[in-house]
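Notes for the one structure printed next.
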Amino acid sequence: MPATAKRLAAFTESVIRGTTRMAVQHGAINLSQGFPDFNPPQEILDALEQAARGDCHQYAVTWGAPRFRRALAAKIRRFSGLEIDPDQHLVVTCGSTEAMMVAMMTACNPGDKVIVFSPFYENYAADAILSGAEPIYVALHPPQFGYDPDELRKAFEQKPKAIVVCNPSNPTGKVFTRAELMEILELAEKHDVFVITDEPYEHIIYQPHEHVHFAALPGAFERTITCNSLSKTYSITGWRLGYVQAAPAVIAQARKVHDFLTVGAAAPLQEAAVAGLELPDSYYQGLTESYTAKRTLFLDLLRRTGLPFTEPQGAYYVMVDISPLGFASDTEASEWFIREIGVAGVAGSSFFREPVNHLIRFHFAKNEETLRAAGERLMKVAQIR
Ligand code: GLN
């Protein structure tokens, strides 16, 4: 039998998705792979019914159905102030996952280096490797997940082609400040580097933190490739709707990559999601309030276990320090949590380049009842400790 491609040896299957499979197998409450257990807004569900009866069941325009792109451009303008041209600045993709792959393949030549903050959402390293690039890492130091400006400067001196910035950050919950983003921009300008941002949690931010759209920083638009998704904002992770937003010359190339990867995102779902993009500002306030309440509830429940954790500033993940439990590795701990406690979380080491294995990532994008049930199960930890 012929050998499969060598580049596949450089990364493993997704630990996040693997943990979900194990949670299902053992009937654990799944706080590993981040997705809600509640429905999208009713407006979107109604629009989906209507779309089913409409005539949008064949391929949409490869880079996105025009009506969807127009609504998307207006929504981006509303929150970032950027004048987005739906015909020049956008490619609609199958989730931010495809958007990131498209961005990486559009920006990088084989052999190029890409700066990735560590811990990082596990797709980034795989994306870089699949596009022939080599990830180089800059640590975000736990428990506060700040970076050392000197380390960042040194990484830029290695002549990278791009840097990936996930903001708000998965898995750390860090929200980059304007000053930090300006520092990244200055270095990117100095070394002529693309900034690939991944911003699916832009509307899930906790006071007093604020989301700054990287592309809207002065002078940033031309070198920024923004990747984003509708998954988290409208609770439609299964719809796989995302987009790349960039300057026209970049988009012209990104369209080609996207076309040959997937042809396009699902046409009826683009049609239905317009109802989400057109929701009023009050929807987003409601979303933030609802996640703020979930965060308060879940962090209170976690506090009762006695395990230390880092309070997230944005997104819906918490990195919990399991060192008081004395496990040899976080993978072993994660399996124990699933089997013995009945709650699934992701072994932190799958996000780190550094040998960090004392953290587990739980998420709280769940109904109050689910979170309370998980909290009750997690109380067993306090008894064992
Ligand atoms: N972003 C989610 C997480 O980190 C999962 C996304 C996915 O599995 N595609 O858990």
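Counting starts at 1 for both ligands and their atoms, following the listed order.
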Next on the checklist: Could you tell me, atom by atom, which parts of ligand 1 come under 4.0 Å of a heavy atom of G34?
Outcome noted: 2 (C), 3 (C), 10 (O)

Checklist entry - Counting from 1, what ligand 1 atoms have a heavy atom of R17 closer than 4.0 Å? => result 7 (C), 8 (O), 9 (N)

Checklist entry - Nearest protein heavy-atom contact for atom 6 (C) of ligand 1: which residue, which atom, what distance? => result Y121 OH, 3.1 Å

Next on the checklist: Determine whether H211 and F79 satisfy the following criterion, ring-ring contact (aromatic ring centres under 6.0 Å, His included), listing intermediate values before the conclusion.
Outcome noted: CA-CA 10 Å; H211 183 67; F79 289 98; over 10 Å; no

Checklist entry - How are the rings of W336 and F327 set to each other: parallel, tilted or perpendicular (split at 30° and 60°)? => result tilted

Checklist entry - Which bit of N123 is near ligand 1, meaning a heavy atom under 4.0 Å away: side chain, backbone, both or neither? => result neither

Next on the checklist: Which label fits Y316 and Y201: parallel for a plane angle under 30°, tilted from 30 to 60°, or perpendicular past 60°?
Outcome noted: perpendicular

Checklist entry - Are the charged groups of K256 and D259 less than 4.0 angstrom apart, N to O? => result no

Checklist entry - Under 4.0 Å from ligand 1, counting heavy atoms only, is it the side chain of F35, its backbone, both or neither? => result neither

Checklist entry - Which atoms of ligand 1 have any heavy atom of I16 under 4.0 Å away? => result 3 (C), 4 (O), 10 (O)

Item to check | atom 3 (C) of ligand 1 - nearest protein heavy atom and its distance | outcome: Y317 OH, 3.2 Å

Checklist outcome for this item: Within the 4.0 Å heavy-atom cut-off, what R361 brings close to ligand 1 is side chain

Next on the checklist: Give the atom numbers and elements of ligand 1 that come within less than 4.0 Å of a heavy atom of Y201.
Outcome noted: 1 (N)

Item to check | Aromatic ring pairing F35/H363, orientation class (parallel under 30°, perpendicular over 60°, tilted between) | outcome: tilted

Checklist entry - Would you say the side chain of V165 lies within less than 4.5 Å of the side chain of L181, judging by non-hydrogen atoms? => result yes

Would you mind writing out the side-chain donor-acceptor pairs for residues 151-159 within the sub-3.5 Å range, not counting sequence neighbours?
unit_1	atom_1	unit_2	atom_2	d
E151	OE2	H141	NE2	3.1
R153	NH1	D150	OD1	2.7

Item to check | Nearest-neighbour protein heavy atom for atom 1 (N) of ligand 1, which is reported as residue plus atom name and distance | outcome: K232 NZ, 3.2 Å

Item to check | Where ligand 1 meets Q33 - atom numbers and elements under 4.0 angstrom, heavy-atom basis | outcome: 5 (C), 7 (C), 8 (O), 10 (O)

Item to check | By side-chain contact (heavy atoms from CB on, under 4.5 Å) - contacts of S118 (at least two apart) | outcome: F120, Y137, F352, R353, E354

Checklist entry - When only distance counts, is R240 in polar contact with ligand 1, meaning an N/O pair under 3.5 Å? => result no

